[in-house]
Amino acid sequence: MYYRLLNGLYDRLGINKDKLAIVGDSAGGSLAAVTTQQLKDKVKFKAQVLFYPSTDLSLDAGNYSSRHRNAAYPPLTIGACNYMLNFFVGNHDRNDTLLSPLKAKDFTGLPPALIFTGECDVLLDEGYFYTEKLKKSNVEVEYIEEKGMIHGFTEMAGALSVSREAFIQAGEFINKKFR
C-alpha cells in the first residue's frame, strides 16, 4: 500500500522517480541515512549527500575521540550536543537504527554517498565511521573532511568559500548520478 501511495505522489507532483537524491545535514543527515536504509527496497535513490551527519546516538558515541577533541568548538559543543541528544532521544533505545543508523547490520544496496565532515566538529567520527561502513558494504562513497571547519559550516556559504564549494561538489555529485 505504501508503495502505491508513493507512486501516486510522484505522479501528482510530477516527480521523476528515476532521479531521486536525498540530502541532509547534522540531524537531517541522520534522517537521510535512516531514510535510505528503511526505503532501500522501495525507493531507488540515485545519491545521498550527508553533511556532518549524526549517525550514532548510542552511548558508545561518547567514546569517539572527536567528541572529546572538539568538545568546546561552537556551535555544537559537547554540552549542546548532550542537551539536544537527551531532549530528542528521551527513553528510546539509543541503539535503535532509527536513531543510530551507524548501528545497522546491513548497508548493502544503499545509494552512492558523498559525506562531508568538519575537522573541528564533535560529529566528525560519526561521519567517518559511517563512510567506512558503506565502503565495507561495497557502496560507492566519497568522503571529504573539511580542515578547520566546525559543525554547521555549510550554513556560512555567504561568507566561506569552503561552504560554497561543498554545495557545488554536492550538486556535481548528484548530477553525475542522474546521468
Side-chain angles (χ1 to χ4, degrees), residues 2-3 5-7 10 15-70 76 81 84-85 88-89 92-119 121-146 149 151-154 166-167 169-179:
Y2 172 79
Y3 193 64
L5 289 172
L6 194 58
N7 279 333
Y10 292 148
I15 296 172
N16 181 344
K17 64 184 175 185
D18 296 321
K19 290 190 175 184
L20 294 176
I22 191 163
V23 179
D25 76 316
S26 191
S30 175
L31 293 172
V34 168
T35 299
T36 62
Q37 290 177 4
Q38 295 293 306
L39 297 179
K40 74 178 181 179
D41 295 326
K42 294 176 179 63
V43 177
K44 296 300 176 192
F45 290 102
K46 295 288 187 181
Q48 59 179 315
V49 178
L50 311 177
F51 293 98
Y52 35 84
S54 169
T55 61
D56 190 355
L57 300 185
S58 75
L59 296 177
D60 298 338
N63 297 322
Y64 296 148
S65 63
S66 67
R67 291 276 177 109
H68 303 282
R69 186 176 63 252
N70 299 327
L76 190 60
C81 185
M84 287 184 278
L85 185 121
F88 178 70
V89 173
H92 297 287
D93 177 5
R94 292 175 181 230
N95 290 307
D96 186 330
T97 58
L98 293 174
L99 293 175
S100 298
L102 184 62
K103 298 289 186 180
K105 301 290 184 224
D106 182 18
F107 293 83
T108 59
L110 294 179
L114 174 59
I115 299 175
F116 289 89
T117 59
E119 177 187 23
D121 185 0
V122 293
L123 301 183
L124 169 70
D125 290 340
E126 294 181 48
Y128 175 78
F129 292 136
Y130 197 76
T131 298
E132 292 303 305
K133 291 262 185 143
L134 293 174
K135 283 181 185 176
K136 287 179 183 167
S137 296
N138 295 314
V139 173
E140 178 189 338
V141 62
E142 294 179 35
Y143 175 77
I144 299 171
E145 179 184 318
E146 297 291 3
M149 289 296 105
H151 188 82
F153 71 88
T154 59
F167 284 124
Q169 289 172 291
E172 289 172 346
F173 179 80
I174 292 169
N175 191 41
K176 281 192 286 187
K177 301 308 171 199
F178 282 177
R179 291 185 196 151

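- K135 places no side-chain N or O within 3.5 Å of a backbone atom of E142 that could act as its donor or acceptor partner.
- The local environment of CZ in F178 is crowded, with over 12 non-hydrogen atoms from other residues, nucleotides or ligands closer than 6.0 Å.
- Residues that satisfy the side chain to side chain donor-acceptor pair (under 3.5 Å) test with S66, not counting sequence neighbours, are D125.
- Across F107 and S137, no two heavy atoms sit closer than the pair CB-OG, 3.3 Å.
- Between the side chain of K133 and the backbone N or O of L102 there is at least one donor-acceptor pair closer than 3.5 Å.
- Side chain of E126 to main chain of T55: a donor-acceptor pair is present (N/O by atom type, distance under 3.5 Å, no hydrogens or angles).
- A salt bridge is defined here as a Lys NZ or Arg NE, NH1 or NH2 lying under 4.0 Å from an Asp or Glu carboxylate O, and E172 with K177 fails to meet this definition.
- Considering only heavy atoms from C-beta on, T108 stays 4.5 Å or farther from N138 through its side chain.
- Here D60 does not pair with R94 in a salt bridge; the nearest charged N to carboxylate O distance is not below 4.0 Å.
- Looking at K46 and L20, their side chains never come closer than 4.5 Å, going by heavy atoms from C-beta outward.
- Geometrically, K176 does not engage F173 in a cation-pi contact defined by less than 6.0 Å to the ring centre and at most 45° from the axis.
- Across all non-hydrogen atoms, the minimal contact from R67 to A61 is CG-O, 3.3 Å.
- With a 4.5 Å cut-off on side-chain heavy atoms, I115 and L134 count as touching.
- You'll find the side chain of L99 reaches within 4.5 Å of the side chain of H92, heavy atoms only.
- For the pair E119/M149, no side-chain contact is recorded, criterion being any heavy-atom separation below 4.5 Å from C-beta on.
- Separating the NZ atom in K19 from the CD1 atom in I174 is a distance of 12.5 Å, to the nearest 0.5 Å.
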Show your reasoning for whether side chain to side chain contact (heavy atoms under 4.5 Å, CB included) applies to D18 and K44. CA-CA 7 Å; D18 296 321; K44 296 300 176 192; over 6 Å; no
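- Looking at every heavy atom in both residues, A170 comes nearest to V49 through CB-CG1, 3.9 Å.
- Shortest non-hydrogen contact noted between P101 and Q37 is O-NE2, 3.1 Å.
- Inter-residue side-chain proximity for V122 and H68 is flagged as unmet; no heavy-atom pair is nearer than 4.5 Å.
- Heavy-atom minimum distance, T131 versus G127: OG1-O, 2.9 Å.
- At a threshold of 4.0 Å, the pair D96-K103 does not count as salt-bridged, since none of the basic side-chain nitrogens sits closer than that to a carboxylate oxygen.
- Contact check for D121 versus L76: side-chain heavy atoms found under the 4.5 Å cut-off.
- Smallest separation of non-hydrogen atoms from A166 and F116: O-CZ, 3.5 Å.
- In this structure, a donor-acceptor pair under 3.5 Å is absent between the side chains of Y130 and D56.
- Classification of the F129-Y64 ring pair by plane angle, with boundaries at 30° and 60°, yields tilted.
- A donor-acceptor pair under 3.5 Å is absent between the side-chain atoms of Q48 and the main chain of L114, judged by distance alone.
- Side-chain atoms of S100 come within 3.5 Å of backbone atoms of L57 as a donor-acceptor pair (strictly under, hydrogens ignored).
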Sequence neighbours excluded and cut-off under 3.5 Å, please list the side-chain donor-acceptor pairs for residues 21-36, or say none.
from: D25; atom 1: OD2; to: Y52; atom 2: OH; distance (Å): 3.2
from: S26; atom 1: OG; to: H151; atom 2: NE2; distance (Å): 2.8
from: S30; atom 1: OG; to: S54; atom 2: O; distance (Å): 3.1
from: T35; atom 1: OG1; to: L31; atom 2: O; distance (Å): 2.7
from: T36; atom 1: OG1; to: A33; atom 2: O; distance (Å): 2.8

